[in-house]
Structure formats: C-alpha cells, structure tokens
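Just so we're on the same page: letters track the sequence lines, and every chain starts at 1. In this text the structure is predicted, and so the values were computed from the model without any measurement.
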Amino acid sequence: MTNGIVNGAAELENQFASLGINGTKSAYVPPHLRSSQRAASSPTNLNPIGWNDSRTSTPPARGGYGGRGGYADRGASGHYSPGPRRTDGWSERPQSASVGGHPRGDSAARETFGYGTWRDGAHVVGGRNMRLEKELYGDATDPSKQHSGINFEKYDDIPVEATGAGVPEPLNVFSSPPLDPVLLENIGYSRYTTPTPVQKYSIPIVAAGRDLMACAQTGSGKTGGFLFPILSASFTNGPRQPPVDTQSSYNRTRKAYPTALILAPTRELVNQIHEEARKFAYRSWVRPAVVYGGADINSQLRTIERGCDLLSATPGRLVDLIERGRISLANVRYLVLDEADRMLDMGFEPQIRRIVQEEDMPGVHERQTLMFSATFPRDIQMLAKDFLKDYIFLSVGRVGSTSENITQKIEYVEDHDKRSVLLDILASQNTGLTLIFVETKRMADMLSDFLLSNSFAATSIHGDRTQRERETALQTFRQGRTPIMVATAVAARGLDIPNVMHVVNYDLPSDIDDYVHRIGRTGRAGNTGVSTAFFNRGNKNIVRDLVELLREANQDIPPWLETVAHESTFGGGGYRGRGSRGGGGGGGRGRGASRDYRPSGGFHSGPRAPSFGGGPQIGGGYGGGYSGGSAGGGQSWW
DNA sequence: AAAAAAT
C-alpha cells in the first residue's frame with residue numbers, strides 16, 4: 001500500500017541509521033565535513049599498480065566540468081544536452097581550465113559542487129550540491145522520483161537460489177564494509193533502506209571478484225544489484241591508467257576509456273540505468289555516461305569527453321563510437337549485460353560478441369562479467385559460457401506475479417469491442433497512471449489518437465517515434481501530465497515508472513514472459529497494482545501459460561478461461577514452444593528455464609538448483625506430452 | 001508477425 005516514501009529530515013535520519021552510516025561509534029557527520037577527513041586518512045595506495053590515473057592527478061585534466069554550464073544543462077529528460085558552445089570546438093586542452101569562461105572554472109569549485117576526483121591514489125570526495133541532489137534524488141514528495149528502493153518487506157518472500165562454487169554469504173544490510181562509505185551515503189540519499197534479494201547476493205558476489213549470471217526480472221532491484229558493487233569497488237580502487245594510445249599523440253580528440261560498461265537493449269533502459277548511476281556516483285570520481293541511437297551523436301561525443309568512467313550503452317551506438325575511435329574498451333574491468341535474453345531476441349548477438357570478443361576489451365579473466373536475464377535458455381547459456389568464468393548462478397523468483405500484489409483480471413473482449421471497453425475502464429478510475437500495451441506501432445498511434453479525441457490525456461511510445469518524442473512521452477507520463485500511455489514492446493521491460501496503477505493488455509502478447517514483464521510495470525516497490533487483459537480467440541497461444549501463471553499467483557481465474565485452456569491443451573491446436581530462441585534441450589521454457597544447468601562445481605549435466613514456484617521445471621511442462629501439434633483439427637470451444 | 005536497434 002503506502003510504500004513508505006519518506007518525508008522530512010527525521011525520516012531521513014532513520015534511514016541513515018538503518019544504513020549503518022552512523023556507525024557503531026560516532027554521531028552522523030555530514031558528508032561535507034567528512035570528505036577532507038577521508039581524503040587525509042585514506043590509505044595512500046590500496047591499488048595495484050596501474051590504477052593511478054594520470055588524468056585525474058592534475059585537477060584540470062578532466063576539463064570541462066567546471067567550464068560547462070554545470071549540471072543545469074542536463075535536460076529534464078535526463079540525458080545530457082550540449083553544453084554552452086565552445087569556440088574552440090573539440091580542442092579543449094588540459095591547461096584551458098577556464099574554457100567557456102565560467103566563473104566556477106577552477107578546480108576547487110569543481111570539487112565542491114557534487115563531483116569528486118581521484119588524486120594521488122586517494123579518493124577526493126566532492127562537496128554536496130543541494131541543487132544537484134534535488135535533481136538526482138528529488139524530494140520525498142516528488143512522485144516522479146519515488147523509487148522502488150523502499151519498503152521491501154514484500155521482497156523477503158521472494159525465493160533466491162545461489163549456486164556455484166563458493167557462494168559468499170548474502171548481505172542483509174547496506175553496510176561498510178563491504179560497501180564504500182560514499183556509496184552508502186548515496187544509497188541513503190536515494191532512500192533505499194534494505195537490499196533487495198538480488199542485491200543481498202550480488203553485492204558480496206561481486207565484491208568477492210566473482211562473475212555472476214542472474215535470472216531476475218526488473219523490479220527486483222537488479223540495477224542496484226550491479227551498480228552498487230561496481231561503483232563501490234570503483235570508489236575504493238580508483239580509476240585505471242589508460243593505456244598508451246599512439247593515436248592520441250597526434251589526434252586532438254580524446255578517446256574515452258570506461259572502466260565499467262553496461263549494455264542494455266533499449267534506449268530508454270540505458271537512459272534509466274544512467275540516471276541510477278548518476279545518483280550513486282554522486283560526489284565520487286566516477287563520471288557516468290550514456291550513449292544510444294536516435295540522439296545527436298555530437299552531443300554524446302562531447303559529454304563522453306567530459307568523463308566516461310561508467311558507460312551505459314545500446315550496442316549499435318557503442319559499436320559506432322568504437323569504429324570512430326572515440327571509445328576504447330581496453331580499460332573495462334566490469335562488464336554488465338542487462339536483459340541479455342531480450343538483447344538476443346532483438347538480434348544483438350553479433351554486435352554483442354563483437355563488442356566483447358573482437359574489440360579491445362580485456363579477456364574474461366581480466367574483467368568481471370555480470371549477466372542478467374529473465375530466462376536462461378540455451379543461447380544465453382552459450383553466451384554465459386563464453387563471457388563468464390566460474391560464475392555464480394543466481395535465480396530470483398518472479399516479483400510481480402508471484403508476490404500477489406498485482407490483481408490480474410482477464411476479460412473476454414472481441415477486437416471490435418476493445419475501444420469501448422477501454423473507455424469504460426478509463427472512465428471508472430481516476431487516480432494513478434495507466435499503461436496500455438498494444439502489439440503494433442500503428443495501433444499505438446491509433447489508440448492514443450482515439451483516447452485524445454475522447455478527452456483522455458494520453459501519449460504513446462513506440463519505435464517509430466523519434467527519440468525526442470519517446471523521451472517526452474515517458475517524461476509526461478512519469479509526471480502524470482499524460483496519465484495514460486499507449487506502448488508497444490519497447491516499454492515492456494525494464495522501465496521503472498513509479499505509480500503505475502493499472503496495466504492494460506489491450507493486445508495480449510504471445511509470450512508469457514512478455515506478459516509477466518508488462519504487468520510488472522505496476523505493483524512495484526511493494527505497492528499494489530491492477531492489470532487487465534483483453535482476451536479473445538486470437539490469444540489462444542498464451543492461454544495455457546496464462547492460466548498456470550494466474551494459478552501460481554493465486555488469482556481468480558474466469559471459468560471460461562479454464563475452458564479455453566483445457567480445449568487448447570487437449571483439443572489440438574497445441575501451441576508449441578516459445579518462439580525463436582532456445583531450441584530444445586535444457587532451455588526451452590521461459591520460467592522453468594531460469595536455473596543453473598551446471599552441476600555443483602564440475603561439468604556433468606543435469607539441473608541442480610532447487611526450484612521454486614511450483615511450476616514445471618526443465619524437462620517437465622511442455623516437453624513431451626501433447627506433441628500432437630498444431631494441425632489436429634480439434635475445434636475449440638467457440 | 002511485430003518490435004527493437006547505428007546512419
């Protein structure tokens with residue numbers, strides 16, 4: 001219900017207390033008083049040789065931060081917009097600290113306005129910047145900033161299985177160690193109180209230097225699950241020395257050498273990850289950056305010039321920038337593949353393999369690799385085999401559907417009745433955001449036009465809209481200015497939009513995993529949500545999985561739906577398999593496939609991880625049985 | 001079949 005969004009300083013204090021920031025001994029010391037202390041007392045060289053970064057050892061080397069207009073020129077949509085125009089174009093040089101003529105162009109000012117640096121083997125933490133804090137974290141009343149970091153009591157029920165050799169103990173509170181104190185503060189500002197199950201495991205796993213393969217859905221806190229340990233280690237270890245690049249001596253343009261690379265399938269998703277990264281990198285030396293297609297490449301080039309330590313990217317644009325010689329992966333120490341199954345579905349495998357295996361990225365033993373995927377079919381297993389080493393497999397139970405905080409309704413609606421039924425639904429509710437999923441881009445346009453013409457403030461998001469339109473749509477939806485958004489699959493996964501009260505599957509997907517992801521846009525952060533699906537004869541292919549899912553989630557199942565499920569199971573027309581990927585063997589099934597196929601440590605085969613959720617597991621469910629197949633003329637119930 | 005993603 002109430003998701004515990006905090007208000008006021010008292011509450012914030014509580015949170016700090018629960019974060020262990022007060023420590024066991026002394027009272028809370030405000031960060032701006034602590035930073036000098038820390039810098040002074042921090043051990044001079046914790047790091048292996050080669051981690052000291054010449055770029056940051058002289059203050060102006062990262063030029064541009066003070067010289068730009070500061071943070072204000074980051075658009076409200078969250079991505080960087082071009083800073084004030086420079087007359088000298090690209091040729092900003094270290095000594096031109098005052099380039100742009102901004103009054104805050106000196107290094108001291110730079111470090112006190114929310115940005116830290118790394119100097120002489122020590123982390124020099126930046127001072128607080130209230131304006132930036134408000135932008136990053138909002139305040140307790142800003143609904144568009146509310147986040148699922150809060151109120152995770154519900155999440156304690158979510159089963160987690162960690163398998164592999166030497167699984168470290170999970171971490172039950174955010175604490176230092178293992179987390180860097182600066183990160184802990186930022187977690188506090190973000191009003192995260194308790195690690196989610198995936199974070200409880202991923203933090204110690206990554207902190208121990210291990211690779212990770214995690215089957216977890218969005219809403220499980222997996223973004224924090226990889227950002228926290230990566231940023232924490234980065235804060236502590238400092239930057240890496242960029243390799244000597246022969247080009248740079250005669251090339252005026254600088255090349256970016258990120259130490260962490262995060263790949264994700266959609267532009268909005270990388271943007272969202274980037275925004276999270278900005279929150280947690282606050283006041284540290286780490287400069288998060290983001291690149292994706294559809295946006296002006298030149299402004300992206302300028303922003304990565306200003307710092308690109310943790311890069312979130314869609315594969316296509318990243319390859320482009322590598323080809324242009326503007327990004328090198330030689331310094332990558334952490335690689336994250338988010339929504340890996342989705343990326344393969346979208347045909348990114350060649351580009352991903354190119355990025356990971358055919359460019360200058362360090363090999364699997366020289367980096368840490370984390371893969372996140374909702375499912376673990378054969379092709380993801382292959383990817384894991386190639387990209388990971390001796391990884392720990394983490395399986396996190398389904399969040400949205402099994403935790404029962406989403407009420408799922410299935411309505412029988414013929415196609416030609418959908419519009420009017422939708423109007424009825426929208427008219428009968430008055431608060432919260434409604435997200436409507438359709439199958440085609442054309443339908444998304446048509447439906448949002450229709451809603452607008454019926455005086456509903458609606459917008460739409462799909463791949464044929466310009467990136468600017470997409471971002472505007474998302475923004476106005478988040479803010480509640482257009483509380484209805486019609487979306488295609490582009491918005492099905494990963495997007496974290498607080499306060500989505502209702503998800504309408506105007507068109508049902510044919511893949512149950514897509515359905516799970518879609519309804520997972522509501523009921524987040526322990527809130528309750530409602531989902532309504534319009535079902536008709538065109539959706540027979542999902543009915544069996546759907547009924548099974550509803551049953552698992554203790555939802556009411558309309559009797560007619562049971563009938564359809566029964567008919568489609570035994571009456572022929574059996575829907576086989578799940579689309580393109582996977583192929584048989586161990587992996588085929590969506591939910592059943594999210595398990596470690598490796599044996600304990602060695603390399604025999606056979607599933608090992610205990611299962612949860614009660615669904616059929618590998619080899620069960622679909623495999624045998626009714627292979628009768630699609631022909632079998634069995635007539636359906638209608 | 002559609003969607004997404006580099007131009």
Side-chain angles (χ1 to χ4, degrees), chain A residues 79 218 261-274 290-301 304 311-327 337-356 358-359 373-374 379 415 435-448 460-471 473-474 485-495 505-515 517-518 521 536-542 575-581 630:
Chain A
H79 68 285
T218 31
L261 174 64
I262 298 157
L263 295 175
T266 68
R267 298 163 180 175
E268 282 74 14
L269 195 48
V270 295
N271 220 351
Q272 181 177 293
I273 293 167
H274 172 65
V290 63
V291 297
Y292 51 81
D296 177 27
I297 197 165
N298 288 316
S299 69
Q300 286 182 1
L301 282 170
I304 63 177
L311 178 64
S312 308
T314 48
R317 178 57 61 93
L318 178 60
V319 168
D320 189 0
L321 291 170
I322 292 171
E323 281 176 357
R324 292 172 186 235
R326 305 306 297 269
I327 291 180
L337 302 184
D338 198 11
E339 303 278 356
D341 51 353
R342 185 80 181 147
M343 289 201 281
L344 293 197
D345 281 350
M346 288 167 61
F348 282 155
E349 182 160 3
Q351 290 169 80
I352 290 172
R353 285 195 179 272
R354 172 171 172 185
I355 290 166
V356 177
E358 289 161 33
E359 300 294 338
S373 180
D379 50 1
D415 285 344
L435 185 54
I436 303 169
F437 282 104
V438 296
E439 269 310 272
T440 66
K441 294 181 272 202
R442 209 169 68 92
M443 180 60 90
D445 282 335
M446 281 168 40
L447 195 56
S448 65
S460 71
I461 185 167
H462 62 71
D464 274 356
R465 303 201 75 191
T466 67
Q467 193 55 29
R468 174 170 285 277
E469 287 172 328
R470 284 164 61 161
E471 280 163 22
L474 199 52
M485 185 164 77
V486 185
T488 61
V490 69
R493 297 193 184 210
L495 291 191
N505 272 289
Y506 189 90
D507 299 318
L508 269 166
S510 56
D511 185 324
I512 192 69
D513 289 326
D514 287 335
Y515 173 82
H517 276 99
R518 289 180 179 188
R521 298 313 99 207
N536 63 39
R537 68 189 63 204
N539 306 114
K540 247 167 74 173
N541 52 13
I542 200 181
Y575 165 71
R576 208 50 321 95
R578 331 177 334 101
S580 44
R581 66 166 189 267
S630 36

Could you state the NZ-P distance from A:Lys441 to B:dA4, rounded to the nearest angstrom?
5 Å
With the threshold set at 4.0 Å, does a side-chain nitrogen-carboxylate oxygen contact exist between A:Asp320 and A:Arg324?
yes
A:Arg317 side chain, from C-beta outward: closest of B:dA6, B:dA4, B:dA1:
B:dA6
Among the nucleotides B:dA4, B:dA6, B:dA1, which one has an atom lying closest to any side-chain atom of A:Met346?
B:dA4
Select base, sugar-phosphate, or nothing to describe what A:Gly294 touches, counting heavy atoms under 4.0 Å on all strands.
sugar-phosphate
Atom CG of A:Asp345 and atom P of B:dA4 are separated, to the nearest Å, by 14 Å
Side-chain N or O of A:Arg267 less than 4.0 angstrom from OP1 or OP2 on B:dA6?
yes
Looking only at B:dA6, B:dA5, B:dA3, the nucleotide nearest the A:Glu323 side chain is B:dA6
Does A:Thr314 have a side-chain nitrogen or oxygen under 4.0 Å from the phosphate oxygens OP1 or OP2 of B:dA4?
no
Can you figure out which of B:dA2, B:dA6, B:dA4 approaches the side chain of A:Thr440 most closely?
B:dA2
Send over the distance from A:Glu268 CD to B:dA5 P, rounded to a whole Å.
7 Å
Ion pair A:Glu469/A:Arg267, N-O distance below 4.0 Å:
no
Tell me the interatomic distance from A:Asp511, atom CG, to B:dA1, atom P, rounded to whole angstroms.
17 Å
Choosing from B:dA1, B:dA6, B:dA5, which nucleotide comes nearest the side chain of A:Thr266?
B:dA5
Looking only at the side chain of A:Thr488 (C-beta and beyond, no hydrogens), which of the listed nucleotides B:dA3, B:dA5, B:dA6 gets closest?
B:dA3
Determine the contact category for A:Arg324: base if any of its heavy atoms lies under 4.0 Å from a base atom, sugar-phosphate if only primed atoms, P, OP1 or OP2 are that close, otherwise nothing.
nothing
To the nearest angstrom, how far is A:Asp296 atom CG from B:dT7 atom P?
10 Å
Across all chains, not counting sequence neighbours, the salt bridge (charged side-chain N to carboxylate O under 4.0 Å, His left out) partners of A:Arg442 are none
Under 3.5 Å side-chain donor-acceptor pair for A:Tyr292 and A:Asn271
yes
Short side-chain N/O contact from A:Arg465 to OP1 or OP2 of B:dA3, under 4.0 Å:
no
Could you check how far OH of A:Tyr292 sits from P of B:dA4, rounded to whole Å?
16 Å
Any side-chain donor paired with an acceptor under 3.5 Å for A:Gln467 and A:Glu471?
yes
